[in-house]
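Note: hydrogens, waters and symmetry copies are ignored here, and every other heavy atom, side chains too, is used.
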Amino acid sequence: MAESAYGPVVPDPADRYPKVFMTTPPTLPKFRQQLILAVLMLCSLLIWLDNTVLSTTLETLADPVRGLGANPGQLQWATGSYTLAFATLMFTAGALGDRFGHRTVFSSGLVIFAGSSLWAACASDAGQLIAARAAMGVGSALITPAMLAILMWTFTGPARAAAIGIFSTSAGVGMAAGPVLAGVLLDHFWWGSVFLINVPVAVLASVGLAVLVPNFRSPTPRPLDPAGMLLSISGLVALAYGLIRAGQVAAWSRTDVWAPIIVGLVLLAVFVLVELRVKVPGFDPRLLARRTFGGGNMALGLLLFAVAAITFYNAFYLQGVLGFSPMKAGLATIPTAFGAMTGAPLATRLVRRLSLRSVTVPALAVAALTMGGYGFLGPHTPLVRIEVLLLIQGLSIGMVIGPVTAALISDLPLEQAGAGSAVTNTVRQTGSLIGIAVGGSIMSIIYRRAIEPSLEGAPGPVRDQARVSAEQARHVATAIHRPALAQAADDAFIHAMHVGAGWIAAITLLGAAVLLIALPAAATVRECEGRTPLSGGRGACPGRSRR
């Protein structure tokens, strides 16, 4: 077997770039590095676009004429099935990349993502859309760890930090462009077009991968974790089903509500026990025992819970209650993306002068207040007030997620960075999944109770359809020429949003309290320059850890 500067080369006539088992990153030409970064940013943009276009499409999907007539539970699953697959397969995908090569896993993910996007675009009912979204989550789970691994292998030293900074801008671009792009497509084409645009982008990215990227892989592949994967998927599916079912039947005492929730919690507990016994777990629960890492991840999970829930509400508020077109609703959410893009670098500069805790804890508290601010929105709220609220919300969220995530990973020894990344990503996606389930269920339960008095004397089919959602109530009100029913549906939805916003704000404040306890009262980065790195305690240096 031939040798290279990076280890043994396995010849493969079908592979333009030999599979090199690298122990140190190769030195690629600078121009090629830049092209690889461009391909990775295109793929990251694709993932973020897909995450954001769906929120703009929810109102259309709920419409019985323009969409699929999906009820709130089905819309929760259309969003949650993607997040579920993403959350539970993330750590397995990283191990697959170490074993078979990150380019191989990346390419497989793009193929799955493109095929399932085509399936979603052609779905004829909500069930098909949910299944297609789950398959898209599988593709995203294969793409994301491989994308980050290729970035780390391609760049070294100061160039790596610069590349990560440039790469991270794709998230902000996707957040800003996704809703606007979805609005343009929905105003001119059918709802499936928002998924169809993924296909040519995935094909272009696949060509770039094949031509430019070596098939990097770890010299010490991690073992696969089929037991952990099965337990985590089963537990989260059962838990999410029970939470979403509670919103559909508006009764927690039913067996089909509490039984799945209990089963899900038991399976997740078994999952943790199994991972504790595995020598090299895909998801290492031991890391959560570290105060900073565990508490920080809990705070981020609670924040993502709140973001997912409030985004779910906002989509229906803008297009349903205010009557915005998809295009106008997409433009209305730009301040959130702009705030998030501005907040992350601003927090980085502030942390250098102050400390991580003194910057991120107040920012998370402000984010909680903006969530509660939805409790004061109504059908006649001026648009400028909504835009200011969204701008502050995006700014405060951006000031938390980026700096805290970076600090959590840097708090770990380098050899645990991969496992720590898997834990962080899984916790964040799980928070989003539960946020969608709980937030949507609260909305459904409160809406159904609020609309009930307005349905007295209405025919049975009208009552049944109006109870499903405000979108269904508006549709039937138009069909039977009862504008008062549409107004009652708007009022019921606003009441449900107000109640939900209160709960979401409380959850976010809990996250701020957890972050306050978890983060040390650290010295500023500037004060730490030249000192011995510390891992915790008063006066600890942020962004530095024991090795």
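- A heavy-atom distance below 4.5 Å is not found between the side chains of Thr508 and Leu302.
- Looking at Ser234, its side chain does come within 3.5 Å of a backbone N or O of Leu230 through a donor-acceptor pair.
- Scored by the ring pair (Phe, Tyr, Trp, His ring centres under 6.0 Å) test, Phe195 finds no partners at all (sequence neighbours excluded).
- The minimum heavy-atom distance between Thr292 and Ala518, with the atom names listed, is OG1-O, 3.4 Å.
- Panel note: side chain Asn297, backbone Phe293; a donor-acceptor pair is recorded below 3.5 Å.
- A salt bridge links Asp490 with Arg474; the closest basic N to acidic carboxylate O contact falls under 4.0 Å.
- Heavy-atom neighbours of Arg385 CZ from other residues, nucleotides or ligands within 6.0 Å: at or below the threshold of 12.
- Heavy atoms only, all atoms of each residue included: Gly435 and Ala309 are closest at O-CB, 3.5 Å.
- Residue Met327 places its CE atom among more than 12 non-hydrogen atoms of other residues, nucleotides or ligands, all under 6.0 Å distant.
- When atom types are taken as modelled, the side chain of Thr144 and the backbone of Ala141 share no donor-acceptor pair closer than 3.5 angstrom.
- Of the possible donor and acceptor atoms, none in the side chain of Arg133 sits under 3.5 Å from a partner among the backbone N and O of Tyr82.
- Side-chain contact annotation: Ser358 with Ser355, donor-acceptor N/O pair under 3.5 Å present.
- Between Met136 and Ser117 the shortest heavy-atom distance is CE-OG, 3.5 Å.
- Annotation: side chain of Tyr317 is not in contact with side chain of Tyr374 (no heavy-atom distance under 4.5 Å).
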Run the side chain to side chain contact (heavy atoms under 4.5 Å, CB included) test on Phe338 and Leu390 for me, step by step, so that the C-alpha distance in whole Å, both residues' side-chain angles and the decisive distance to 0.1 Å come before the verdict.
CA-CA 10 Å; Phe338 177 77; Leu390 293 178; over 6 Å; no
Check against side chain to side chain contact (heavy atoms under 4.5 Å, CB included), Ile401 and Arg428:
CA-CA 10 Å; Ile401 293 180; Arg428 288 167 61 169; 3.6 Å; yes
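- Under the 3.5 Å distance criterion, the side-chain polar atoms of Thr83 are left unmatched by any main-chain donor or acceptor of Gln429.
- In terms of modelled atom types and a separation under 3.5 Å, the side chain of His498 and the main chain of Leu377 share a donor-acceptor contact.
- Side chain of Ser325 to main chain of Lys328: a donor-acceptor pair is present (N/O by atom type, distance under 3.5 Å, no hydrogens or angles).
- Not counting sequence neighbours, the partners of Thr430 by the side chain to side chain contact (heavy atoms under 4.5 Å, CB included) test are Ala87, Leu236, Thr426, Ile434.
- With rounding to the nearest 0.5 Å, the separation of CD1 in Ile504 from OH in Tyr313 is 4.5 Å.
- A donor-acceptor pair under 3.5 Å is absent between the side-chain atoms of Gln319 and the main chain of Phe316, judged by distance alone.
- Heavy atoms only, all atoms of each residue included: Ala70 and Ala126 are closest at CB-CB, 4.3 Å.
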Would Met497 and Met443 count as a side chain to side chain contact (heavy atoms under 4.5 Å, CB included) if you check the C-alpha gap in whole Å, the side-chain angles of each, and the deciding distance to 0.1 Å?
CA-CA 6 Å; Met497 183 177 72; Met443 182 181 72; over 6 Å; no
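- Between Leu485 and Ala477, the shortest heavy-atom distance links the atoms CB-CB, 3.9 Å.
- A donor-acceptor pair is defined here as one N or O able to donate and one able to accept, closer than 3.5 Å; such a pair exists between the side chain of Ser441 and the backbone of Leu243.
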Does the side chain to side chain contact (heavy atoms under 4.5 Å, CB included) test come out yes or no for Leu68 and Gln74, once each step is laid out?
CA-CA 10 Å; Leu68 299 175; Gln74 291 169 328; over 6 Å; no
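- Atoms OG1 and CZ, on Thr333 and Phe324 in that order, are 11.0 Å from each other to the nearest 0.5 Å.
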